[in-house]
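Some notes on the structure that comes next.
Reckoned from all heavy atoms, side chains included, excluding hydrogens, waters and symmetry mates. Remember, it's 1-based here, ligands and their atoms both numbered in the order they're listed. Numbers here are sequence positions counted from 1.
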Amino acid sequence: MTTPDHPSVHPAWLPDAATAFLHGRTVLVAGDGPLAETVRGEARRAGATLVDGDADLVLRDTGAVPGGEGFVVAHRDGRLDVAADDDAALLHAWFHVVRGGTTDPAGHPDARHEPAHALRMLDHWDNVDVHPVMGQVERGYSGGSIFYADGHVREDLSRVEQYARLLAATGVNRVAINNVNVHAREARLLTDGLPDVARVAAAFRPWGIRVHLSVSFASPIVLGGLTTSDPLDPDVRAWWADAVARVYAVVPDFGGFVVKADSEGQPGPFAYGRDHADGANLLARALAPHGGTVHWRAFVYNHTQDWRDRSTDRARAAYDHFAPLDGRFDENVIVQVKHGPMDFQTREPVSPVLAAMPRTRLAVELQVTQEYTGQQRHACYLGPWWSEILRFRPWGPVEGDDGSPTVSDVVGGAGPGASPQVAAARGGGIAAVSNVGDDAFWTGHPLAQANLYAFGRLAWDPTLDPTDVLDEWVSLTFASPSPAGADRTVDPDVRAALHAVLDDSWRTYEAYTAPLGVGFMVNPGHHYGPSVDGYEYSPWGTYHFADRDGIGVDRTRATGTGYTGQYPAPWRDVYESLGTCPDELLLFFHHVPYGHVLHDGTTVVQHVYDTHFAGVERVEGYVRTWEGLRGAVDDAVFERVTERLAEQLRSAREWRDQVCTYFLRASGVADAHGRTIY
Ligand code: GCW
């Protein structure tokens, strides 16, 4: 289960068996420069023979679209001939062929492929130092950082090179290498850490990936010795211009900055009576001459709310702060919006900010690291969740597909009313928090690799079926050893078992955790495991308001916080009405009695009992299914997954029992099926 470069590291979706079909094939790579060289290196590594003339596979960099990432697959004389727009496209084309698992032209229909989004970015919440509370990787469940050790960037970056290779194979093209909560040590990556940042950038560069840094808005003070970081102060502007110039001097293809400002204690423009557009544009103007962008996060809310204060609704915050600023952000600012209005819950509505800023480049932010979805101890394949989000139509229709714009269209710069600048820039794309650490399996739970893989693939093409994406991942990761040059195969039992465990695992997780979109109910701080009232009297704005009669948050315009009014039609009305609000979001939008009847005819309280018992039974099924793979998959993978599934089952039972008991005690309503509730 190891890779040649790192004997202790799992090869993830690029084991040698995945490329064995290329062994002995002739490959012509026509193109110059480092990326073409990378492709040649991959061909050699796969055991192909590089030739100058006729070949089984021809990959040509046509240079037809400078900076373009698309490529055309065609057949010429019964062989595969791929014409790539530019050098990065050559690399994408190579991995496209690898995914196909065959050089038989019949396996590769003639087509043009290109990414839906120009920016496909992973954000690392890695700290250089080990943070006393959050550890080295904030919300990291895969060990320490692959970038940093012993207080600085690692000497040996071969692991980062392998990571870059894996990411390139999924289509990711940007990586931010440090936490958005920028502590003192990490702030210095921008100054004395630059030679190290340059080394990391060099590790990613051959794989077509550009590096970004998270920066502190207070940098002029903490690094520059100024007395202010007021965005309108000329000295502050000059400081940023110099700081940025120094970055580009050592990293000429630097991507730009990621900024969390005025959020959860991070410094920002509010201290100077300025707004987020002032703050973002300050950095944007420093970066613009060099071609860099600012990813400015919209995750801004009051995290010191008094739970007694029923007038403040955290869900409203991002829209209230950002929607009025539409049109004020510079062209190289991307406002990065969490997919939901709260915080990466297992189920949330799509953020209304995504439908409210047509004159701003928007990126949607997903969370690959499983903070609220089982922390890589639970198998939870998030592809279906992201697919729902990216395909969601903020302007309707509620059901079906009439070609109306989706979230993916919006962040691709093609939403309704998109300004010419937003359209020309193709929006802000897709970003996600990485789930990778220095763990031997990269992601702690070996099956969590599927989430990383699926993120890249869905960012490239959000119309892909997430189950098909999972199948691709299975085919690569669990490829059977095969004779050199033979088409790739996978043991059908392994394939079937992985689908049985993962296809519906997100819905399973939803079933045994917080019900009907109410969210949270997790242990405060670390966010693992059930605690129904854990956040109920906290300052974080995440409440369920359960009492003896009912539960849920009234976010209607009629009687609640008015949050439903942040959506355009039809959703503002669909969510407003109890009759039309989708069941899975019921408690997000409404406070209802326990006896409220859902669309399927069950009451809320009976639904809670039923889903929690069913969810645990499904996990019991996963355990049995996986046990059937003993000997059929790599032993180390088998053992690690077995251990994680045991914990998932323990935890799912804990969730079931705490949530069911809570609802029984609160409502006094017995389970219609008489199951044991404590
Ligand atoms: O989900 C929350 C996390 C924080 C995180 C924050 C954010 C990096 O609990 O750990 O901080 O979101 O997205 O900024």
> Among Tyr372, Trp385, Phe588, which one satisfies side-chain contact (heavy atoms from CB on, under 4.5 Å) with Arg347?
Replying inline: Trp385
> Do the two ring centres, one from His124 and one from Phe147, sit under 6.0 Å apart?
Replying inline: yes
>> What does the 4.0 Å heavy-atom contact list look like for ligand 1?
In response: Trp125, Glu138, Arg139, Asn179, Val180, Asn181, Lys260, Glu264, Arg297, Phe299, Lys338, Asp343, Glu371, Tyr372, His527
> Are Arg316 and Asp313 ion-paired here, with the side-chain N under 4.0 Å from a carboxylate O?
Replying inline: no
>> Please find the pair of heavy atoms, one from Tyr563 and one from Val350, that lie closest to each other, and give the distance.
In response: OH-O, 4.2 Å
> Mind checking whether His339 and Phe344 have ring centres under 6.0 Å apart?
Replying inline: yes
> Between Pro462 and Ala459, what is the shortest heavy-atom contact and its length?
Replying inline: CD-O, 4.3 Å
